[in-house]
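Only this structure's heavy atoms are used, side chains among them; waters, hydrogens and symmetry mates stay out. None of these values were measured; they are calculated from a predicted model.
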Amino acid sequence: MSWLPLSFGAPMVLWGLLALPVIWWLLRFTPPKPQTEVFPPLKILARVLKREETPQQSPWWLTLLRLLMAALIVAALAEPVFNPRERLPAEGTALALVIDNDWASAADWGQRVATAERLITDASSNDVPVIIAFTAEKPNAEIGPFDAATALDRLRAAKPRPIPTDRPAVYARVAATLESLPGASVAVLADGLAAEGDEAAFNTLLSKNAARVVWAASDRPGLIGLTGADNQVDGFELTAIRAPGDPAPAQVTAGAFDDKGRRIADATLTFSPGESTATGTMAVPFELRNDFASITLDGQRQAGAVRVLDESSKRRRVGLLSQAEADQAQPLLSPLYYIRRALQPFADLAEPSSADLADAIPQLLDQKPAMIVMADVGTIPQQVRQRLVDWVDNGGTLVRFAGSRLVAAGNDDDLLPVRLRTGERSLGGALSWTTPQPVTDFPKTGPFADLAPPAEVTVTRQVLAEPTPDIVERSWATLADGTPLVTGMKKGKGTLVLFHVTPEATWSNLPISGSFVEMLRRIVQLSRNQGAAAANAEAAAASLAPYRMISADGTLVPPTPDARPLVPGAGPLPVTFENPPGLYGSDTGVIAHNLLNAESRLAPLVRPQITVPVTTVQYAFDESHNLKGPLVAAALLLMVLDTLAVFWMGGLLSRRPRRAGTAAATTAALLITLGALVGHTDIARADDAKPGDERAIEDISKTRIGYVQTGDRSVDSISQAGLEGLTRFLIEKTALEPGTPASVDISKDQLAFYPLIYWPIDPAAPMPSQAAIARVDAYMQQGGTVLFDTRDQFATGIGAEQASPATERLRDILGNLNVPALEPVPSDHVLTKSFYILPEFPGRFAGGPLWVAASLEASNTENRPVRTGDGVSPIMITANDFAGAWAVDENGDPLLPTVPSDPMQRIYALRAGVNIMMYMLTGNYKSDQVHVPVLLERLGQ
């Protein structure tokens, strides 16, 4: 039942508000002001006068306070909820929760968890098991079914992962689990992005055993990913993507950070209306771009908006040097033309202003290039040669191309990777028996190992290398006849590379092929760390340990325990649970492994065709608030105010303080106990207390049942356990809350404190003295009742000629008492209807009658349910062993079996005890009509 924004879990309870007028009518009256008495121990009971008192009228503010308290209690019991949420259909044989926890779910993961918690809570109220599976977890993770509490624990322990979803595999596992649970509810909590294999995955999940579907998918309007960050000539070119079809333009700011997390550059990317791709450029100096460690899109707290950079993203400065003069009319014949075209997209090119090598080489070295390319440069001037050699030894990469000048210059062991033969080799000429040679497979030990050999490239002329023992390992590319095309070697910290052909298409068509560009790119990459990490095939084939990972929210974190080493290979590597996005390697060199690449797209997820009922929900936090607790707290506060008001009206808050110490503590107890006994009389204890008064106070503070000590420990323990069991039953079934049963010594204890004394007859116990029997007789004459239990139902009865020993002992005791005439409890006796309607009174044994004082003057002239007459029987006799039936242990389990063994017999025995206690405390009130007019007058009728 709901009236927004308030609903009630039990609206029928609100009908209780109709009782407020009745409560107001009952609360018009308040008890009279308490009477103050100075308490001499126990004598006050004889001095209190019984007199009629008319209650004073309750003040209007106290009545209003109590009415408001009652209204708050009724409203709280109706379970009100402010801003109630819609109940989700989590029912059937099971609830299958399939949750996308990939990188796209990181931004609103809290809302997804809150939505899943509501589903699990509703499933718990329907008592159905829960299957919970996440699409971006490690393979073969346990999915259930679980109980609701375990499912909640697993949900709260889950977290978004910086990887794509694997819906086909996870959905197949859930569908296999649902085969044994047909008719289940399936809740799909998707990230809103389409993925490969979605159609088949949804068909597998929803086509068989789903009885109903809860569909929750984010529309992902603001999700933007970064797919490219290329270090170009003028700056870093960035590419971002979003889901297609968004008609609104959008702007996003990208920030570049160095390896210490400092922001050093910004760029703005703009999405045109309806466009899903945006580009932007970070136009910053070359040196600053090389400090970029990562690029992040502002406002996008997810792994797809972060791109880490490695050395391959750093732009290298390459110096170009040639001794040939450029011919503007024929640029294709220039030695540097094809080199410029090949290097310009990924390197910063520098050329000297002077053609003189003595000036040109220092000019290039002053610009601190990572690599220098020499196109057919012959002899190096002596004055700059050593500086060039030192540059190579310190980490520079020198690339040289063959030509007539290089052939004429001769060998140079410091600046060439191999020794050369004199002259050059001509292939396929008019005077040659050989044909142009193609390029064979690149050696596995060189940097071109993963490139395919260019089938269209042939070589007609080349410079040959001297055959040496290390020529094979220095050969990076070879021709079909085994002669080297490209050679290279490490020198110091640097690298020497020689192309055995010219850089223009005169000796070979290699410079005009695509392979030429890739070969130069690989050599440039070698220079990035002066030949570190991936510079050789051994490192390229090795696995790289996780170094820094990108978390689901886009921050760089240390490697997680689940991350495994990355094995580099050709082409982009997939992002998986074991290889999440981030940096792999070590402090000496890393490889970037990013989530999105240039081919990535953010396509919106389309809900499949579903034949079963579908409920669509939105991701949201639960904003409902249960008002039951605040209302109960308010009612308790009003109850405290009501209590203080009653104390104030009774004068307790204005009374002068009495003496401190023990007397003050005892007075507080007497105020409570005797106030209940003598009808709202406020009694203060005097200072003349005597020994034994504390026991008396304890005995009268609550109604207690006594049992006679027989001296036999087993009998007394059963009596105590039996009366404790009856006390528990009274507290559970009635408004009476008796105190702990008391052990009574009839020879010296005060018997007047107990409305009923249970006396188990033990023939082995000593015969009570005449003084003790006289005390019992006085107790019975003054209104007390003794319940004698011979516990010998299966022996001869009380009236038989040959009685049992217990019955004989009972006859001896009764012979000294003023016992009235006895009779079995008649069917219309008040005792049969005082609380329960009972035709008989069984105990541990059944069949024996319960003897009570005969109602000789009772009559039932008007066919009433019970006979009229005043007084309560001072004596009851049974042989059914009541205490044995009532006796329980500390856990509430019965101690003794019933005879015959019948569980209902024990229940009837406890009910008999309840009827006896109600009879002892109220008498035959059900047949008393004499005081009805007075009672109605007091009630205001």
Legend entry - W103 vs L223 side-chain heavy atoms within contact, under 4.5 Å: yes
Inset, instruction - Verify, without hydrogens or angle tests, whether D198 (side chain) and A201 (backbone) share a donor-acceptor contact under 3.5 angstrom. - result: no
Legend entry - Interatomic distance, R154 atom CZ to F146 atom CZ [nearest 0.5 angstrom]: 4.0 Å
Inset, instruction - Applying salt bridge (charged side-chain N to carboxylate O under 4.0 Å, His left out), run through K444 and D441 and close with a yes or a no. - result: CA-CA 9 Å; K444 300 301 182 183; D441 293 339; over 6 Å; no
Inset, instruction - Say whether, by atom type as modelled, one donor and one acceptor occur between the side chain of N509 and the main chain of E456 under 3.5 angstrom. - result: yes
Inset, instruction - Test side-chain contact (heavy atoms from CB on, under 4.5 Å) on I339 and V399 and set out the steps. - result: CA-CA 11 Å; I339 295 176; V399 180; over 6 Å; no
Legend entry - R173: salt bridge (Lys or Arg N to Asp or Glu O under 4.0 Å) partners, not counting sequence neighbours: none
Inset, instruction - Compare every heavy atom of V486 with every heavy atom of F448, then report the nearest pair and how far apart it is. - result: CE1-CG1, 4.2 Å
Legend entry - Test item: F499 and I523 side chains (from C-beta on) under 4.5 Å apart, heavy atoms: yes
Legend entry - Donor-acceptor contact present, side-chain T204 to main-chain A200, <3.5 Å: yes
Legend entry - Within-4.5 Å side-chain heavy-atom neighbours: D166 and F577: no
Legend entry - Sequence-distant partners of D291, salt bridge (Lys or Arg N to Asp or Glu O under 4.0 Å), two or more places apart: none
Legend entry - Contacts of type side-chain contact (heavy atoms from CB on, under 4.5 Å), residue A229, not counting sequence neighbours: F236, L238, I295, R307, L309
Inset, instruction - Inspect the surroundings of CZ in R341 and state if more than 12 heavy atoms from other residues, nucleotides or ligands are less than 6.0 Å away. - result: no
Inset, instruction - Ignoring hydrogens and angles, tell me if any N or O in the side chain of D191 forms a donor-acceptor pair with the backbone of S105 under 3.5 Å. - result: no
Legend entry - Worked verdict on E117 versus R156 for side-chain contact (heavy atoms from CB on, under 4.5 Å): CA-CA 9 Å; E117 283 181 347; R156 291 162 182 167; 3.0 Å; yes
Inset, instruction - Please round to the nearest 0.5 Å and tell me the distance separating atom CE of M371 and atom CG of L320. - result: 8.0 Å
Inset, instruction - Answer yes or no: is there a side-chain heavy-atom contact under 4.5 Å between L556 and I550? - result: yes
Legend entry - Set of side-chain contact (heavy atoms from CB on, under 4.5 Å) partners for D258, sequence neighbours left out: K260, R262, I264
Inset, instruction - Please round to the nearest 0.5 Å and tell me the distance separating atom CG of L178 and atom CD1 of I131. - result: 4.5 Å
Legend entry - Expected output: side-chain N290 to main-chain R316 donor-acceptor under 3.5 Å: no
Inset, instruction - Return yes if some donor-acceptor pair links the side-chain N/O of Q302 with the main-chain N/O of I224 below 3.5 Å, else return no. - result: yes
Legend entry - Donor-acceptor contact below 3.5 Å, side chain R548 vs main chain V308: no
Legend entry - Qualifying salt bridge (charged side-chain N to carboxylate O under 4.0 Å, His left out) pairs, either residue in residues 555-568, two or more places apart: R161-D562
Inset, instruction - Verify whether one side chain among Y547 and D587 offers a donor that lies under 3.5 Å from an acceptor in the other. - result: yes
Inset, instruction - For L119 and L189, run side-chain contact (heavy atoms from CB on, under 4.5 Å): C-alpha distance rounded to whole Å, both residues' side-chain angles, the deciding distance at 0.1 Å, then the answer. - result: CA-CA 11 Å; L119 284 163; L189 276 61; 4.0 Å; yes
Legend entry - Criterion salt bridge (charged side-chain N to carboxylate O under 4.0 Å, His left out) on R289 and D348, from CA distance to verdict: CA-CA 12 Å; R289 276 181 275 152; D348 186 49; 5.9 Å; no
Inset, instruction - Report the distance from atom CG of D102 to atom OG1 of T165, rounding to the nearest 0.5 Å. - result: 5.5 Å
Inset, instruction - Return the set of residues passing side-chain hydrogen bond (donor to acceptor under 3.5 Å, both in side chains) with T555 (not counting sequence neighbours), or none when no residue passes. - result: S551, D553
Inset, instruction - State, with a plain yes or no, whether a side-chain heavy atom of L605 is found less than 4.5 Å away from one of L193. - result: no
Inset, instruction - Identify which one of D100, I163, I99 satisfies the side chain to side chain contact (heavy atoms under 4.5 Å, CB included) criterion when paired with T135. - result: D100
Inset, instruction - Check for a donor-acceptor pair, side chain of D310 on one end and backbone N or O of I591 on the other, with a separation under 3.5 Å. - result: no
Inset, instruction - Kindly indicate whether the side chain of V612, heavy atoms from C-beta on, has any atom under 4.5 Å from the side chain of L206. - result: no
Inset, instruction - Would you check if the side chain of S185 reaches a backbone N or O of R212 as a donor-acceptor pair within less than 3.5 Å? - result: no
Legend entry - P546 side chain near Y584 side chain, heavy-atom distance below 4.5 Å: yes
Legend entry - From CH2 (W476) to CG (L526), nearest 0.5 Å: 5.0 Å
Legend entry - Test item: L336 and P503 side chains (from C-beta on) under 4.5 Å apart, heavy atoms: no
Inset, instruction - Answer yes or no: is there an ion pair linking R118 with D122, defined by an N-O contact shorter than 4.0 Å? - result: no
Inset, instruction - Ignoring hydrogens and angles, tell me if any N or O in the side chain of T227 forms a donor-acceptor pair with the backbone of S600 under 3.5 Å. - result: no
Legend entry - Rounded distance (nearest 0.5 Å) linking atom CG of D230 with atom OG1 of T239: 6.5 Å
Inset, instruction - Kindly indicate, with the supporting measurements, whether the criterion side-chain contact (heavy atoms from CB on, under 4.5 Å) is fulfilled by R607 and V614. - result: CA-CA 11 Å; R607 192 174 80 181; V614 181; 3.6 Å; yes
